[in-house]
Structure formats: C-alpha cells, structure tokens
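Worksheet: one structure, shown below.
In what follows, every heavy atom counts, from backbone to side chain, and hydrogens, waters and symmetry copies are set aside. Order of appearance sets the numbers: ligands from 1, and atoms from 1 within every ligand.
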Amino acid sequence: MAPDPYPADPYPSNACPPELRRAVVERYVARTPSSKHAHDRASHVLPGGVNRNIVHHGPHPMFVASGAGPYLTDLDGNRYLDLIGNYTAMILGNCVPQVMEAAARQLALGTAWAGATTGEAALAEMIVERLPSAELVRFAASGTEATMMALRAARAFTGRPAIAKFEGGYHGIHDFAMISVAPDPNDSGPDEAPRSVATPGIAPSATADVLVLPFNDAKSVTALIERHAHRLAAIIVEPVLANAGLLEPEPGFLPLLRDLTTKHGIVLIFDEVITLRLDYGGAQAMYGVTPDMTTLGKIIGGGYPIGGIAGRADIMNWFDPTKAGGSVTLSGTFHGAPMALAAGIETLKLFTADSIEALNGRSARLARELRAMFERASLTLSLNQVGSLLNVHAMAENVSRYRSGARGDKAFLKLLHLAMLNEGVLLSPRGLFCLSVPMDDAAVDSIRDAFGRALAALGVLGER
Ligand code: PLP
C-alpha cells in the first residue's frame, strides 16, 4: 500500500468534514508531483526545503517555474492566477515589456558599481512627486532595511532609545520589527496593554525597547503613548495593517497618531511597503494624514529587490555623510541597484492614478460578489478589502483588531489555500490576497468562480 501522503491531519478545521479535507489535500498532491520532488531535493540543503519561510506550506510548497502577466506556472505546468504577486510587489504582473526592456538596457550596461548613478535621483523625484511626506529619499535593498534605517534615523534625530509598533504589524525581519508580529492572542498580555513578544534569537534589548500598541484602540494607545512618550523615538505603523488581516484604520485613528506624535516630538513612520499601491500618493494621501517618514519597498523596485526611506529633510539629513558631528551610515553594496531603479521607474510610470482607480474598482466588485457568496456559506466567512488588497477571514464580520482576526479558523484558511490552488488560483495561506493591474473583469469573474468551487470542495457551500 502506498504510504499515506498526509498521515497526521494538520488542518483540524471543524468547518469541513475530514473526508473533504483529505480529498482537497490529495488532489493538490496529485497535481504537483514535481513540486514534491523539488521540495524533497531542496530539503537536503535548505532548512525546511525553502529559502523564504513564507513560501513554506503543507503538504509541500508549490514550486514556481515561471510567470507571465497575471499568471504563474508551476513545475508540473499548472497555471495559477497569481493573487499574491510576490506578497503584493508585482503590481503590474510578470514580464511587463516596458519594465523588462528598461531592466535589459541596464543589464547590458552592468548591474552594480561603487559609484553614484542618475537612476537614484530619477526614482527619488518620482517618489517626492507622489508622496506627501517625502522631501528627501534614500534607497536600500529591501523593506527590512528601510524600516531598520528609518527607526535608526528617528533615534538619532530624537536622541531617544525606544520605538512603538502595533501588535500583528510586520515591518521586516530585523530585531525591533520582529516583536509581536504574530503572537498568540491568549498569551500576550491584556488587550489594552499587550506585552512585547519575541521569537527565538531576538536580542532581549530589542524586546525591552519596543512598546507594543493595540491597533484601532484609541483609548489604550493614547494611554500607552502618554506613559512612554519620554523614551519613544518613533511609532511605526502600516496605515492599513495589511499583515495582520488587512485592518483598516477606524475614522480618527491615524489623525490621533499624528496628534500624539506631534505633541510628544515622536517621529511618525508610515510603513507603506505594501500600502503605497492603494493610492497615487499611498495610504497617506488616501487618509489625508502625513507622517514624518515613510518606508517603501516592493512595487518601487518593479520586481527587483529594493527598499526606500523617504521623509522630512531634517530627519533624512541624518543620512548625509557630510553632516557635522556624524551621520547615520546608510550604505549597502546593492543599495539602489541600477536594475531595480530602472524597473521601478518604468513601473511607477505605468502605475498611474487612472490605473489605480480602475484596479481598486475591480477589487471592490470582487469584494461585493465574494461577500454575497459568503452569506450562503455554512461557515462564517468575512472579507476585508481596501483598494486592491483583500483578506478573507474564517470568522465574524468586521475584523478590525489583531486579536479578533488571530482567533479565526487558521486551519480552514490553509485548506482554502490548497483548494484554491486546485482551482488554479494562488492566494496566501493566511487569507491575504491582492489584484494586479492586468487582472481584468474576466479575471475577477474567474477568481469569484474559483472561490465558489473551492468552498464547495470544502463542503461549506451548497452547490458544486
Ligand atoms: N514592511 C512591510 C509592511 C512588509 O509587508 C514587508 C514585507 O512583506 C516589509 C516591510 C519587509 O520588506 P522586505 O521583505 O523587502 O524586507
């Protein structure tokens, strides 16, 4: 007898009968033998058989062979509508001719040198033109570096040691950012004063110097900031908490952060690595709240590695190497790599206000149609949608706090991820997904229909 491909049930969701859970997993296994083979091989040389923890999922990760437009193709030739887009980076989809040509022109000239290039100022000018908060800009090689350096500049500027972040917020993988990213809501202190929760390897000093705030809880946030203001250099926040279940700020919440930080001389950092896509000027333009600094990444690199730090001149000038009295060193071998700059410039040229409006409109329609479908499901499903970002939750409506989202049925979302792969759609195993510009009305219809078939396969929607 063939070994059971999935002996222990890692998807203990009460929402679906065990035989349907098993059928979904087995169908995925049958469709992806080459991914399994590649993962087995990779497991000999890569911890967990993957190079990015986030692409790991059971029973084995799907291995991508190529991308074209809004689609990815796996090693077995299965095609998927890509609703992750490299975690929201691929705003124009894959292999956009104008972007590829710009990168290829740069490739022919060389890929990186220890010398200034004109692409740096060219992309910086575009960011200054779009982002209300951007007076000066610097580029790094990842969003992680962008948030790490924005926080360091804030410490230099204020002379204070600590920072505040929100429970569930993700800002990359450096020590200060990794506090309370996905803590167990039942073991993270009181709702109104969460404790700092570290994962293995984080410096204890980082844990001590990060104040954790509850998103959308104005009263508690006010009390915590008032109490700790004297030691806070910065508050870093995704204006829409994309990584914590796509939590939209309640009316008045971002203005409150603006007022408190202004009152206490704390640097307000909006991490717009993801939310830049929401509006021509990012979420700060959409909500009309201008932070002191903004961190960027993903789409501004046009598919290549990049990070960006933008903000008020008096803070950004701490990066000026000629600064009297010493500066904050920001200098990486691949910072502002010319191909990323070239691809980013073309991407921002194509990501116009009109294309953003059209994209957000298609996303709103998808959200309406999915919500109508979810009303017919036997499981309580809800959907958060802001612009072209969406997040399905296996729990009650209106998830607006980290802890309520974190208590949803995670096992069901993992099953939904596999069931959607079986239907030719890639979304994240935690429920986050996004649309990209090349996804037209027909693509939106097919995403909706794939959800219908996947939910039926999981036994939570009547017809198949
Ligand atoms: N900030 C936010 C909001 C992110 O979503 C991410 C990555 O997903 C980062 C920072 C880190 O960016 P990178 O993965 O380029 O280091």
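Relative to the ring axis of F351, R130 does not place its NZ or CZ within 45° and under 6.0 Å from the centre.
Looking at L276, I236, L241 one by one, the single match for side chain to side chain contact (heavy atoms under 4.5 Å, CB included) with D271 turns out to be I236.
Evaluation of the ring pair (Phe, Tyr, Trp, His ring centres under 6.0 Å) rule for F166 yields F215, F253 as partners, not counting sequence neighbours. Listed by chain and number, the residues in a ring pair (Phe, Tyr, Trp, His ring centres under 6.0 Å) with F319 amount to none (sequence neighbours excluded). Here H264 pairs with nothing under the ring pair (Phe, Tyr, Trp, His ring centres under 6.0 Å) rule; sequence neighbours left out.
For ligand 1, residues of the protein lying within 4.0 angstrom by heavy-atom distance are S142, G143, T144, Y170, H171, G172, E238, N243, D271, V273, I274, K298.
For F176 and H171, the distance between ring centers is not under 6.0 angstrom.
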